Amino acid sequence: MAALTRSTRAGARPPVVGEGIAIASLWRELWDAHESWGGYPGTRDPAVYAQLARRLDDEARARAGRVILGGHLHLVASLGYEPCGQVEGWLEQTGAGVGELRTCEVRSLIVAATARRLGAGRLLLDALQEAVRSHFRGAPCVMAAEVLEPNPAHDFYARVGFAPVAWSAHVGAAEVAAMPPQMRGFTARPAIPDDALALAHLEAILATRRRAAGDLRFAPAPRIDVVLLGTVAARVAEEASSPSADHATVVVTDRAGVVRGAASVHVQTLEPPFLPVRRGLVGRFAFDPAGSVPALVGPLLALGARIAVERGAARVEFLDLTGPGTDLHDAVLGAGARPWSRVVTRPA
Ligand SMILES: CC(C)(COP(=O)(O)OP(=O)(O)OC[C@H]1O[C@@H](n2cnc3c(N)ncnc32)[C@H](O)[C@@H]1OP(=O)(O)O)[C@@H](O)C(=O)NCCC(=O)NCCS
């Protein structure tokens, strides 16, 4: 950063009106890179990028020189005054008191190929962190970025203080959906409101396990009381009443019908400049500590993938996995999935 600041008078600042075209071309460079690493395809349609440029200018106008607009942060790095890089942040704050959690999801970080290794990437992340700290008045927050496995940026993130806390793997959804949802006496099924107590316990186990692994995107386990059980039961009832909805909770039960594990399924359509592809996300895997993860995970993967296929997704990603060499990671790769990305975090 020092080298960049001294030699080129670069800085990080909010975008200004009139820079939409330059920023949209940075996005284009990023999506092309993503595609080359096996990411979802971006559009080649110039009209989409022209529309994006207009939207960026409208946002810059509304931003009026501020980094934060609603929960969205946007910064550009400039050499002289020309944008040579950009980063976005999305803020989230949930819970209160002991369950309070603040995250800043780092997205679309790119430094133009012609301006790399001059400190702009580090400068953008540091400026983002400063804006987050000032927004939350110094209260703890975690910055998180998802990095695809083939992306050479892993070393960059390590150099600037981010560490991996969660992994993901992906596969053609139909491939895993063809696996039986019943294996070795364990059966997966959609959750029902009567599962609320089991789900609340499993979510608490998941939060404790993720936080122990350094994943502070998960809030501390909440107290299990009637209010929490009512919330969980209502969420599951709503999912069950609209079987084509994009969210579902699935559980795995033993021979006696006791719930031993759970996962959540989410299907979404990618937004421009991506092509409008449907993707399935299966995550928040939680297991009874007395159960065997390899035995419990198979039926959850199969049912999660089947729901994703039914909702139109060709590909499914399995999220929030523990690191390579652990039971959960191995079981997911054993079902045919390939490593896809990792989430790296840094306290802000
Ligand atoms: C990743 C990226 C943003 C880095 O930007 P940059 O401006 O080149 O990075 P910086 O110059 O600030 O580098 C900061 C540190 O990381 C190191 N670094 C940067 N890129 C690196 C790489 N590819 N491999 C190893 N180290 C790297 C630098 O040497 C520097 O280390 P130091 O401060 O200890 O000397 C840029 O390479 C890029 O835009 N890549 C394509 C898009 C992308 O991958 N975005 C991230 C999506 S998750």
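Counting convention: from 1, in listed order, for ligands and their atoms alike. If you read the sequence from its start, that first residue is 1, and numbering goes on from there. This one's a predicted model, so the numbers in the text were calculated from it and none came from an experiment.
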Point to revise | Gly121, any N or O under 3.5 Å of ligand 1 N or O | key: yes
Ligand 1 to Ile110, heavy atom cutoff 4.0 Å, flagged ligand atoms 39 (O), 42 (C)
Does Arg211 make a cation-pi contact with Phe218, if we ask for NZ or CZ under 6.0 Å from the ring centre and within 45° of the axis?
-> no
Within 4.0 Å of some non-hydrogen atom of Leu118, the atoms of ligand 1 are 11 (O)
Task: Glu146 near ligand 1 by a heavy-atom separation under 4.0 Å - done: yes
Take atom CG in Leu229; do more than 12 heavy atoms of anything else shown fall under 6.0 Å from it? yes
*Contact (N/O only, under 3.5 Å) between His34 and ligand 1*: no
Review point. Going by the angle between their ring planes, with limits at 30° and 60°, are Phe274 and Trp31 parallel, tilted or perpendicular?
Key: tilted
Quick note on ligand 1: atoms under 4.0 Å from a heavy atom of Ala153 include exactly 1 (C), 44 (O)
Check your understanding: Does atom CZ of Arg223 have more than 12 heavy-atom neighbours, drawn from other residues, nucleotides or ligands, at distances under 6.0 Å?
Key -> no
**OP:** Check if Phe162 has a non-hydrogen atom at a distance under 4.0 Å from any atom of ligand 1.
**Re:** no
Quiz prompt | Non-hydrogen atom of Gly119 closer than 4.0 Å to ligand 1 | solution = yes
Practice item. Please say whether more than 12 non-hydrogen atoms of neighbouring residues, nucleotides or ligands are located less than 6.0 Å from CD in Glu35. Key: yes
Residues 288-297 side chain polar contacts: donor-acceptor under 3.5 Å, at least two apart:
unit_1: Asp288; atom_1: OD1; unit_2: Ala290; atom_2: N; d: 2.8
unit_1: Asp288; atom_1: OD2; unit_2: Arg260; atom_2: NH1; d: 2.5
unit_1: Ser292; atom_1: OG; unit_2: Ala295; atom_2: N; d: 3.4

Quick note on ligand 1: atoms under 4.0 Å from a heavy atom of Ala120 include exactly 7 (O), 12 (O)
Margin query: Taking distance alone, with N or O pairs closer than 3.5 Å, would you say Arg117 contacts ligand 1?
Written below: yes
Note: ligand 1 atoms sitting under 4.0 Å from heavy atoms of Pro152 are 23 (N)
If you compare Asp126, Asn151, Leu148 by their heavy atoms, the one closest to atom 47 (C) of ligand 1 turns out to be Asn151
Heavy-atom proximity to atom 3 (C) of ligand 1, picking from Val147, Leu124, Leu109, points to Leu109
* Does Glu175 CD have over 12 foreign heavy atoms under 6.0 Å away? -> yes
Within the 4.0 Å heavy-atom cut-off, what Tyr157 brings close to ligand 1 is side chain
Going by the 4.0 angstrom heavy-atom rule, the piece of Leu123 near ligand 1 is neither
Result for salt bridge (charged side-chain N to carboxylate O under 4.0 Å, His left out) between Asp58 and one of Arg55, Arg61, Arg54 points to Arg61
Under 4.0 Å from one or more heavy atoms of Asp155, ligand 1 contributes atoms 24 (N), 25 (C), 26 (N)
Does a donor on one side chain sit under 3.5 Å from an acceptor on the other, for Ser168 and Glu317? no
Trp37 heavy atoms within 4.0 Å reach ligand 1 at atoms 44 (O)
Under 4.0 Å between heavy atoms, the region of Val111 that gets near ligand 1 turns out to be both
So the atoms of ligand 1 within less than 4.0 Å of a heavy atom of Arg122 turn out to be 12 (O), 32 (P), 33 (O), 34 (O)
Honestly, for Arg116 the part within reach of ligand 1 (heavy atoms, under 4.0 Å) is both
Is it true that, when you exclude Gln93 itself, more than 12 heavy atoms of the residues, nucleotides or ligands shown sit nearer than 6.0 Å to its CD?
yes
Open item on the list: Side chains of Thr103 and Glu92: any donor to acceptor distance under 3.5 Å?
Closed with: no
>> Under a 3.5 Å cutoff, is there a donor and acceptor pairing between the side chains of Gln86 and Trp27?
In response: yes
